[in-house]
Amino acid sequence: MFDTLFSRPAFIDGTTSNHTKHFNTFLIIQILKDMLPQKSDIGILLKKYVLYIVLAAIILFFSLRVLTIDLVCDEDGREFLLSAISQGLAAAFALVFTISLVAIQLTARYSARMLKQFFSYPIIAYMTFFVFSIIFPLYALVQMDDFLVRASLIFASICFALLIPYFLSFKELLNPEHIADHLKKEAQKELVLKKRTVLPREKDTSPSVISLDNLAMSAYVCKDYDTFEAALIKLGELFIETAEKIRDATTEDHERNTASKKMSDIITRIRHIALITIEDPRTPSIIITLLEQVGHKAAEESLENAATELAKALGSVGRTSAEHRLEEATKRIAEALESVGVALAEHRLEEATKRIAWALRFVGRTSAEHRLEEATKRIAEALESVGVALAEHRLEEATKRIAWALRFVGRTSAEHRLEKATKRIAEALESVGRTSAEHRLEEATKRIAWALGSVGWASAEHRLEEATKRIAWALGSVGWASA
């Protein structure tokens, strides 16, 4: 590239075009502009490091002054000065150590693994330098050399100046998002697929993933919902990243299996957290929203295995919420499954969409069994939206699964005499059936007609007259569309 750029293209007569010279000069200027940091980047760097720049300037100025001025105090004065420096630094170190212990105790309530960041190399180096600066004036007392006195003053100034960024760092170390992000980064290192690496069975779970799990549960016990949400978000990001590694890996089968186990472990932990906290007024909304966002990300990235695991988790949480008669939470799960299912259908991930149909089927049955009619109606709407999307994209096998799920939920609704829910299921079957017929999905249309007949039979047996009439109308409508 550079050889071509700096060459001098000549014409037949040996001259060089002025236009070519200007063009090469323009390219050189553009390359230099790209290599240099932009104004916005410089501004961000200055804002980030302005404190350190100011502190370095103050320390440098003080050090130069100390090295150049004359020490006018006598020997007794120097002894007093060195003793005062050592004692003052010792008192400051005791204060720093006490504050550090309190901060560690506050953080350790979430996860013991967070102790590592309080004993990072910069902090250990600072503490070591602090101890050295306390002992150094005592050594200077024995020698009574002017240079050692000056060095003691400089070391003390550095220790006291660095207290400012040290204390400011606690603001970040105690931030819940920073804690979760730190654990996520540790987990990312542990989740890297290494060639010919087979972890023992007891280490299939990443220790940092366990810590994120503990962080979320500890925050839940303390009703610290911000930390709870931050930990779950990082678990969701790890889930997607692990799924991407499986998709993009060119490694051997045992390595893929290891990553798959880790992915399953992450979503299982999120599901367990959801089940444990299902009756809390705030946590179900946080978890369902997270799972919905992760589902959309899996659809966008065509991560079918991840979407399948996610559908299982949402289905399990939905069934539990229906068993606890939490109608609003069950409706919210139906909404999430609908949103993810439509996204999967649009990206033609048929196997994952089948799992969405399976999840809605069992959540709908449980809702009907516990007579949650509004939730059952919302599940029928979700199945309708997913079924129509599948039929429009001509995914016939998954559309047949939707018909089976609607039949299953419809019969259960009829058996528990939920007439409004049964009518809504008939409407959903009609809508999916007409769309299937319009897109010439013959087998799916037959399955929907069979499902309508099965639900109609059950509603007639339980004397649901309005629902039976609606099913009869739906059968005629689907038959007309397929004719």
Side-chain angles (χ1 to χ4, degrees), residues 110-111 113 176-177 179-181 183-188 190-191 204-221 224-246 259-280 282-299 301 303-322 324 326 329-330 332-337 339-341 343-344 352 355-356 358-359 362-363:
Y110 292 125
S111 172
R113 286 182 62 85
E177 291 185 4
I179 295 172
D181 190 58
L183 289 172
K184 181 200 166 186
K185 289 177 181 176
E186 290 293 319
Q188 284 174 325
E190 295 162 359
L191 291 172
D204 281 344
T205 300
S206 164
S208 294
V209 170
I210 296 174
S211 296
L212 278 170
D213 185 352
N214 294 338
L215 176 63
M217 290 308 302
S218 299
Y220 168 69
V221 171
D224 184 357
Y225 293 107
D226 291 336
T227 306
F228 178 82
E229 185 174 8
L232 284 175
I233 288 172
K234 298 305 176 185
L235 280 172
E237 291 174 359
L238 277 173
F239 175 73
I240 289 295
E241 288 170 12
T242 309
E244 289 174 345
K245 287 181 183 296
I246 296 170
S260 297
K261 288 177 183 178
K262 290 178 181 293
M263 185 182 72
S264 298
D265 176 68
I266 293 170
I267 198 66
T268 300
R269 289 179 180 279
I270 296 175
R271 178 171 61 86
H272 286 166
I273 292 170
L275 296 178
I276 292 169
T277 64
I278 193 70
E279 294 186 358
D280 187 88
R282 292 180 61 180
T283 55
S285 176
I286 294 172
I287 296 171
I288 295 165
T289 301
L290 168 72
L291 291 174
E292 183 178 4
Q293 292 171 350
V294 172
H296 278 280
K297 182 67 175 177
E301 300 293 332
L303 303 173
E304 193 154 27
N305 289 338
T308 301
E309 294 289 337
L310 186 85
K312 291 179 184 178
L314 277 169
S316 177
V317 176
R319 289 179 66 181
T320 304
S321 65
H324 287 79
L326 303 172
T330 309
R332 180 68 185 88
I333 289 168
E335 182 183 339
L337 283 166
S339 177
V340 174
L344 292 170
R355 179 59 66 174
I356 293 285
W358 175 88
F362 284 101
V363 175

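A quick note: this is a predicted structure, and the numbers were derived from the prediction, not measured.
Few gaps surround NZ on Lys184; more than 12 heavy atoms of other groups in view lie less than 6.0 Å from it.
Sequence neighbours left out, the pairs with a member in residues 270-280 that pass salt bridge (Lys or Arg N to Asp or Glu O under 4.0 Å) are Lys223-Asp280.
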Next item on the list: Please assess Thr227 against Tyr220 for the test side-chain contact (heavy atoms from CB on, under 4.5 Å), listing each intermediate value before the final yes or no.
Entry: CA-CA 8 Å; Thr227 306; Tyr220 168 69; over 6 Å; no
Next item on the list: Test side-chain contact (heavy atoms from CB on, under 4.5 Å) on Asn214 and Ile210 and set out the steps.
Entry: CA-CA 6 Å; Asn214 294 338; Ile210 296 174; 3.7 Å; yes
Note to self: If you apply the rule side-chain contact (heavy atoms from CB on, under 4.5 Å), what do you find for Thr268 with His272, and how did you get there?
What the structure shows: CA-CA 6 Å; Thr268 300; His272 286 166; 3.4 Å; yes
Checklist line | Worked check of side-chain contact (heavy atoms from CB on, under 4.5 Å) between Met263 and Ile267 | finding: CA-CA 7 Å; Met263 185 182 72; Ile267 198 66; 6.0 Å; no
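One distance of note links CG of Leu235 with CD1 of Ile270; it measures 5.0 Å at 0.5 Å rounding. Note that the CD1 atom of Ile233 and the CG atom of Asp181 stand 11.0 Å from one another [nearest 0.5 Å]. Put simply, CD on Glu237 and NZ on Lys297 are 10.0 Å apart, with the number rounded to the nearest 0.5 Å. Between atom NZ of residue Lys234 and atom CG of residue Leu232 there is a gap of 12.0 Å, rounded to the nearest 0.5 Å. With rounding to the nearest 0.5 angstrom, the NE2 atom of His324 is 7.5 Å from the CD1 atom of Ile278.
Taking all atoms of both residues into account, the shortest heavy-atom contact from Thr330 to Ser321 is OG1-OG, 3.0 Å. Nearest heavy-atom pair, Phe228 versus Ala219, reported as atom, atom and distance to 0.1 Å: N-CB, 3.6 Å. The nearest pair of heavy atoms linking Ile240 to Leu303 is O-CD1, 4.0 Å. When all heavy atoms of Ala329 and Ile288 are compared, the closest pair comes out as O-CD1, 3.9 Å. In terms of heavy atoms, Ile273 sits closest to Met217 at CG1-SD, 3.8 Å. Minimum heavy-atom separation, Leu212 to Ala231: O-CB, 3.8 Å.
At least one side-chain heavy atom of Arg332 sits less than 4.5 Å from a side-chain heavy atom of Thr289. Asp265 is not listed as a side-chain neighbour of Phe239, based on a closest heavy-atom distance of 4.5 Å or more.
The backbone N or O of Thr277 lies less than 3.5 Å from a partner atom in the side chain of Thr283, making a donor-acceptor pair.
Partners of Gln293 under the side-chain hydrogen bond (donor to acceptor under 3.5 Å, both in side chains) rule, at least two apart in sequence or in another chain, do not exist in this structure.
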Pair up each side-chain donor or acceptor in residues 306-319 with any protein partner under 3.5 Å, not counting sequence neighbours, and list the distances.
unit_1 : atom_1 : unit_2 : atom_2 : d
Thr308 : OG1    : Glu304 : O      : 2.9

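Comment: Arg282 does not engage Glu229 in a salt bridge, judged by the lack of any side-chain N to carboxylate O separation of less than 4.0 angstrom.
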